[in-house]
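If you're wondering where the values come from, they're calculated on a predicted model, not measured in any experiment. Below, chains carry the letters A, B, ... as their sequence lines are ordered, and counting in each starts from 1.
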Amino acid sequence: MQARIVMLVDLDYFYAQCEEMRKPSIKDKPVVICVYSGRTEDSGAVSTANYIARKYGIHSGIPISLAKKKLKDAKIEGIFLPVDPPFYKKISDKIMEILRDYADPFEQVGIDEAYLDVTQRTKANYIEAEGLARKIKKNVLTKEKLTCSIGVGPNKLVAKIAADVQKPNGLTVVRNHDLASFMSPLPVRRLVGVGKKTEKKLEILNIRTVGQLSKFDIQRLIDIFGKKLGTYFHNASNGIDNTPVQERGIPESLSRISTLKENTKNLSVILNKAYNLCDEVHAKLSKRGLVYRSISIYVVAVDLSVHSRSKTLENPTSNLKTFKKTVSELFEKFLIDSDLEARRIGVKVSNLTKTEAEQKQLMNFF
DNA sequence: GAACAGAAAAC
DNA sequence: CCTCCTTTCTGTTC
């Protein structure tokens, strides 16, 4: 593959920034967007926090009660708001539409991130790419009143890390010439694919920085992490990533998961909740004109261990009755041979394809 | 090669 | 005290 220029546009502290836009008076306070689980008054976790809240150690994933305690200890008033996904989705859609026009091709990742291959419209020139990034930032700010951080680099991996190192409202350009000096001092945690567990494993091998990882014997990496991850680490630590920017087509799966009011192993209590989740997944499916062939259930046990069961059907379907029937069978079986108390439960459909009608529409296009 | 379950990560 | 959603990989089993 010849030289590319790839951008990663990341909408800053997205949910919290959307709320700030809706109500600018909260902008100078810690804003904490919460997923309330409904068990008790403040049970649940933080989804997103603005940068003022982050200064007090409030990050996504921590318990809401802990976030409140942190602000209380600091004697600071915070704004706690429940997530409003439809609102964020609308804003995201508008922004993604703007971004898409700058890319060739374009790849949205999640609700607040997108990769843009800008090789063509910048003629592979980094000066042009930086100018384009500024233009994009200005455009998003003018049209949607939101800031974003952009990373520009020779591939997705570098663009992503570049966007990460300076935020919010950042712009970081990494040219091939600066690749090694940019990458090698970074902690391995910055690499996509290195989370908490992998960081620990690498630390045991005395690998803390990307530079140290790049010097580590590739065969040893493969022996320890497997072929895929081992070779990925070797390449990634050298800033090499050939994965193309690709428009996302049909999703792999659609799921809904939710926390139970109380821990239980009672089938009817679980099914009552599960059927509601089925309804929601079903609604999403029909809106997108998708059918599925596989159905899964999830149980997050009291100890937070995650368990799943699944069944693949003979033929693709979108029949809600079939969905619920299968879900009930899977939960019933699970409860018989597991005896775990469920804290959270979920349902998922996968093996997705377009409906007949949608397929035809697509054919007419040609 | 497909189905299934779990782990890990990122969002 | 511990949300929610999606993807990718691995090992196992048939």
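Counting heavy atoms from C-beta on, the side chains of A/Leu221 and A/Leu213 come closer than 4.5 Å. Proximity of A/Ser294 to A/Ser310: side-chain heavy atoms (C-beta onward) are nowhere separated by under 4.5 Å.
With rounding to whole Å, A/Leu277 atom CG is found 8 Å from C/dC5 atom P. If you take CD1 of A/Ile161 and P of B/dA10, they are 11 Å apart, rounded to a whole angstrom. In this structure, CD1 of A/Ile297 is placed 13 Å from P of B/dC4, rounded to the nearest angstrom. B/dA9 atom P lies 19 Å from atom NZ of A/Lys156, rounded to whole Å. To the nearest angstrom, P of B/dA8 lies 14 Å from CD of A/Glu199. For the pair A/His59 NE2 and C/dC2 P, the computed distance is 18 Å after rounding to whole Å. Spacing between atom OH of A/Tyr15 and atom P of C/dT3 amounts to 15 Å, rounded to whole angstrom units. If you measure from atom CD of A/Glu280 to atom P of C/dT6, you get 12 Å, rounded to the nearest angstrom.
The side chain of A/Arg256 approaches C/dC5 more closely than any other nucleotide in the set C/dC5, B/dA9, C/dT3. Closest contact between the side chain of A/Arg344 and the listed nucleotides C/dT6, B/dA5, C/dC4 involves C/dC4. The A/Ser308 side chain lies nearest to B/dA5 when the options are B/dA5, C/dC4, B/dA8. Taking the side chain of A/Lys228 as heavy atoms from C-beta on, and the options C/dC2, C/dC9, C/dC4, the nearest nucleotide is C/dC9. Of the listed nucleotides (B/dA10, C/dC4, B/dA8), C/dC4 has the atom at the smallest distance from the side chain of A/Thr259. Distance from the side chain of A/Val35 is smallest for C/dT3 among the nucleotides C/dT3, C/dT7, C/dC2. Among C/dC2, B/dA9, C/dT3, the nucleotide with an atom closest to any side-chain atom of A/Pro63 is C/dC2. Among B/dA10, C/dT3, C/dT8, the nucleotide with an atom closest to any side-chain atom of A/Ala45 is C/dT3.
Across all strands, A/Val300 comes closer than 4.0 Å to no nucleic acid atom at all (heavy-atom distances). Among the atoms of the strands shown, base atoms are found under 4.0 Å from some heavy atom of A/Leu304. When heavy atoms are screened at a 4.0 angstrom cut-off, A/Arg343 is found touching the sugar-phosphate backbone but no base atom. A/Gly61 comes within contact range of at least one nucleobase, with a heavy-atom separation under 4.0 Å. At a threshold of 4.0 angstrom between heavy atoms, the contacts of A/Ser310 are confined to the sugar-phosphate backbone, with no base atom among them. Within 4.0 Å of A/Leu254, counting heavy atoms only, lie sugar-phosphate atoms of the nucleic acid but no base atom. Residue contacts for A/Val109: at a heavy-atom cut-off of 4.0 Å it reaches no nucleic acid atom on any strand shown. Using a 4.0 Å heavy-atom distance criterion, A/Ser305 is classed as making no nucleic acid contact. Among the heavy atoms of the strands, none lies under 4.0 Å from A/Thr48. Among the atoms of the strands shown, none is found under 4.0 Å from any heavy atom of A/Leu352. Residue A/Pro85 is classed as having no contact, given no heavy-atom separation below 4.0 Å to the nucleic acid. Across all strands, A/Ser258 comes closer than 4.0 Å only to sugar-phosphate atoms, never to a base (heavy-atom distances).
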List the steps and the verdict of side chain to side chain contact (heavy atoms under 4.5 Å, CB included) for A/Val194 and A/Phe233.
CA-CA 9 Å; A/Val194 179; A/Phe233 282 159; 3.5 Å; yes

Pair A/Val32-A/Leu81, side chain to side chain contact (heavy atoms under 4.5 Å, CB included): steps then yes or no:
CA-CA 6 Å; A/Val32 186; A/Leu81 298 169; over 6 Å; no

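For A/His307, no side-chain nitrogen or oxygen approaches OP1 or OP2 of B/dA5 to under 4.0 Å. Residue A/Ser255 places at least one side-chain N or O under 4.0 Å from the OP1 or OP2 atom of C/dT6. Within the structure, every side-chain polar atom (N or O) of A/Ser60 is placed at least 4.0 Å from both OP1 and OP2 of C/dT3. For the OP1/OP2 pair of C/dC5 and a distance below 4.0 Å, the side-chain nitrogens and oxygens of A/Ser253 include no atom meeting the criterion. At B/dA3, one or more side-chain N or O atoms of A/Arg293 fall inside 4.0 Å of OP1 or OP2 (strictly under the cut-off).
Put simply, the side chain of A/Ser184 never gets that close to the backbone of A/Gly211: no donor and acceptor are under 3.5 Å apart. Listed for the A/Arg293 side chain is a donor-acceptor partner under 3.5 Å among the backbone atoms of A/Leu313. Looking only at distances, no side-chain donor or acceptor of A/Glu107 sits under 3.5 Å from a matching main-chain atom of A/Ala114.
B/dA8 and C/dC5 have their P atoms separated by 22 Å, with the value rounded to a whole Å.
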